[in-house]
Protein chains: 2
Amino acid sequence: MPRKRVTLADVARRAGLSTTAASMILNGRPDTRLSKEAHERVHAAAAELGYRPNVAARGLRTAKTLTIGFVSDTVTTTRFAGGLIKGALEAAEEARHVVLLAETGGESEREAEAIAALLDRQVDGIVFATVRARELFVPALPEGVPAVMLNATSSRFPATVLPDEEPGGRAAVRLLVDAGHSEGIALIGQSDTAERDVFRSRTIARRVAGIRGEMADKGLGFVAEESIWMWEPQHGYDAVLDLLRRRTDVRALLCMNDRLAFGAYQAAAELGLRVPDDLSVVSFDDDEVAAYLRPGLTTIGLPHEAMGRRAVELLLGREPAGEELVPMPVVERASIGPPRGR
Amino acid sequence: MPRKRVTLADVARRAGLSTTAASMILNGRPDTRLSKEAHERVHAAAAELGYRPNVAARGLRTAKTLTIGFVSDTVTTTRFAGGLIKGALEAAEEARHVVLLAETGGESEREAEAIAALLDRQVDGIVFATVRARELFVPALPEGVPAVMLNATSSRFPATVLPDEEPGGRAAVRLLVDAGHSEGIALIGQSDTAERDVFRSRTIARRVAGIRGEMADKGLGFVAEESIWMWEPQHGYDAVLDLLRRRTDVRALLCMNDRLAFGAYQAAAELGLRVPDDLSVVSFDDDEVAAYLRPGLTTIGLPHEAMGRRAVELLLGREPAGEELVPMPVVERASIGPPRGR
DNA sequence: TGTCGGCGCTAAAACCTTTTAGCACGACGG
DNA sequence: CCGTCGTGCTAAAAGGTTTTAGCGCCGACA
């Protein structure tokens, strides 16, 4: 490796031209009238010396750093944020951008710190992501710095990328109906009567609306609705175990997420019920565990990677901002079967 | 938000001093002999204007950007990298640094691209991480740019952070022995006879050495060793199901990772065996699923977060480089019990 | 009497790039 | 012969910071 980084001046010197000329040629400015051979000499010199422009110096002049900031509340819990980040990273890479990562842990003080740190580095834009879709209060940014919300919303920034939950909810119901279920379907994790007027999140509300809408369209109703606050396996286990002991007419479970479904599997096993023979299960997220379960869990996936990608495309593109809904994929595995007596 | 960013010149002007003076005062240079009141005026002006130094411009002069690069092969598979990144992020934040993330997917071409992109942004150092600990071929970096390997090794860079696998392996064995197991212990995922001379990774080799060392010290041997290539639930399930059908004297499973243990749980359930009454299980990683299983899986954790943190501390500190081993925590849950007949 | 160092500060260079303004020169139209 | 235009290129400024070199004055010291 060279001792010193080679600079534009080095290239220009070697080509026998001014740095201005070298700059213009390397940046392919259209209106210039430098000679053919000047072009050749500069390109040759740059190649021979292995010249790479200093992005920091360029940024100083142009106020563009080819760098975007990604601030999320949590990067680690589950691998949710991982998918968002991966998609963002890929889209950024394609646009020859690079991403600065910052984590806030949900604390607004750290968030302010993080934003300032990013701004100090002259980022070209910022995407704000949350792991559980929610309204985020984001301080104003200096003008000229665009922002897009990822799996979150903000009154300040209209550009938003969210999963398209309503059709997702409908799809889940349809999977059960198409398999022949019409009675004995229980909803796990959400109960309108128990949670009336409680705010979970905008996206969850839409998911529920989709589910109820599709049930209504088919003229169906749930045989039971279990309200669960924390959507973790333990609570899914408790609630489903209780439910299945109380009622013997439950044939299918519509779980609000995969971790609840995970607990439901455990409860079913406890009672000697087989999935999907005795009990069909469908849920949401396409979490890592969904593939590990046996039989594999059929689920409506959260399209994290696509969302992350879309967010930076929106940030970098000059499209008018708005709410963008990314379709949720149906991931069919083996947890749904035809209804059977028990 | 202000229309234009306030610059050092603005502060100096308002304080009635030169930018030089303002710079010296704000940076707290020790040898300077500017007056007390000059200090006050400058600090007051900076505070009133909300001045923040332009890190890019400063970096141009000082060749320090308070930015470090984090290049990993995969950011998303499992949430492994997530822990590494989180630790790194926290340590960086404490040192007022910020991290530039790049992903290579393991392809050396993308890696070279990523490194160049980071270097173009004048990062102060780079940490190279892999998800599965392995030797990484890293191209030379320009001098003055330090690097540390995280969960990976490189012949070029001696600074390395790895989990301390040998004691980890010993601890796993000790957990079983302390619970009273001496016979009927099976090793799942690794078989020396089947995999002689096969290279998995440096860390896995040490884990195995620890396991065998401790077994030998206690005068014990495995009742069976199942070689498994892909450490995924499906394969754990297949191997353990087969094993438990073949032999009825297996009382404890030492699994090479939590996903294999997950499969083992499923196999045990299939055969009507209860964990830990009929079968004790211990494994490695403290993966997310370990807490979801019932009973909770006792496991030797991979200290990802501490490793990530240590890596940037090493990168930023001026300590002499070497191999640093981070202790693996014993995470006791409920999957180990006293041996019992079957 | 000459020199030296301390004082409190500043002008200018340096970092690397892009952008603006313009130079010298020849050709060409009127 | 004068003005204009096109050609191929460069000097210099700009962007925001840090660093180096030094200025003008005064008191102390040899």
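Being a predicted model, the structure only gives us computed values, none of them experimental. Per chain, numbering begins at 1; letters A, B, ... match sequence-line order.
Note on Tyr51(A): a side-chain N or O is less than 4.0 Å away from OP1 or OP2 of dT17(C). Residue Thr19(A) places none of its side-chain N or O atoms closer than 4.0 Å to OP1 or OP2 of dC16(C). In this structure, Ser35(B) does not reach the dC7(C) phosphate: none of its side-chain N or O atoms is under 4.0 Å from OP1 or OP2.
The nearest whole Å value for the distance from the CE atom in Met24(B) to the P atom in dC9(C) is 11 Å. Taking atom CG of residue Asn27(A) and atom P of nucleotide dT19(C), one finds them 7 Å apart after rounding to whole Å.
Looking at residues two or more places apart in sequence or on another chain, you find no side chain to side chain donor-acceptor pair (under 3.5 Å) involving Ser154(A). In this structure, Asp164(A) has no salt bridge (Lys or Arg N to Asp or Glu O under 4.0 Å) partners at least two apart in sequence or on a different chain. Listed by chain and residue number, Glu135(B) satisfy the side chain to side chain donor-acceptor pair (under 3.5 Å) test with Thr153(B) (two or more places apart in sequence, or in another chain). Residues passing the side chain to side chain donor-acceptor pair (under 3.5 Å) test with Asp120(B), sequence neighbours excluded: Arg5(A), Arg52(A). Among residues two or more places apart in sequence or in another chain, the side-chain contact (heavy atoms from CB on, under 4.5 Å) test is passed with Thr203(A) by Ala133(A), Leu162(A), Pro163(A), Glu165(A), Ser201(A). Scanning for side chain to side chain donor-acceptor pair (under 3.5 Å) contacts around Glu90(B) gives Arg309(B), with sequence neighbours left out. With sequence neighbours excluded, the residues forming a side-chain contact (heavy atoms from CB on, under 4.5 Å) with Ala321(A) are Pro158(A), Ala159(A), listed by chain and number. Every residue two or more places apart in sequence or in another chain that forms a side-chain contact (heavy atoms from CB on, under 4.5 Å) with Arg134(B) is listed here: Asp73(B), Thr130(B), Leu136(B).
With salt bridges taken as basic N to acidic carboxylate O contacts below 4.0 Å, one links Glu313(B) and Arg310(B). For Arg110(B) and Glu93(A), the salt-bridge test passes: some basic side-chain N is under 4.0 Å from an acidic carboxylate O.
Thr20(B) comes within 4.0 angstrom of a base, heavy atoms only.
End-to-end axis angle for the helix from dT1(C)-dA30(D) to dG30(C)-dC1(D), using five pairs per end and rounding to 10°, comes out at 70°.
Residue pairs that meet the salt bridge (charged side-chain N to carboxylate O under 4.0 Å, His left out) test with at least one member in residues 56-70 of chain A, sequence neighbours left out, do not exist here.
For DNA chain D, the span of nucleotides reached by chain B at under 4.0 Å from its heavy atoms goes, 5' to 3', from dG16(D) to dT20(D).
Within residues 55-63 of chain A, the residues approached by DNA chain C to less than 4.0 Å at the level of any non-hydrogen atom are Ala57(A), Arg58(A), Arg61(A), Thr62(A), in residue-number order.
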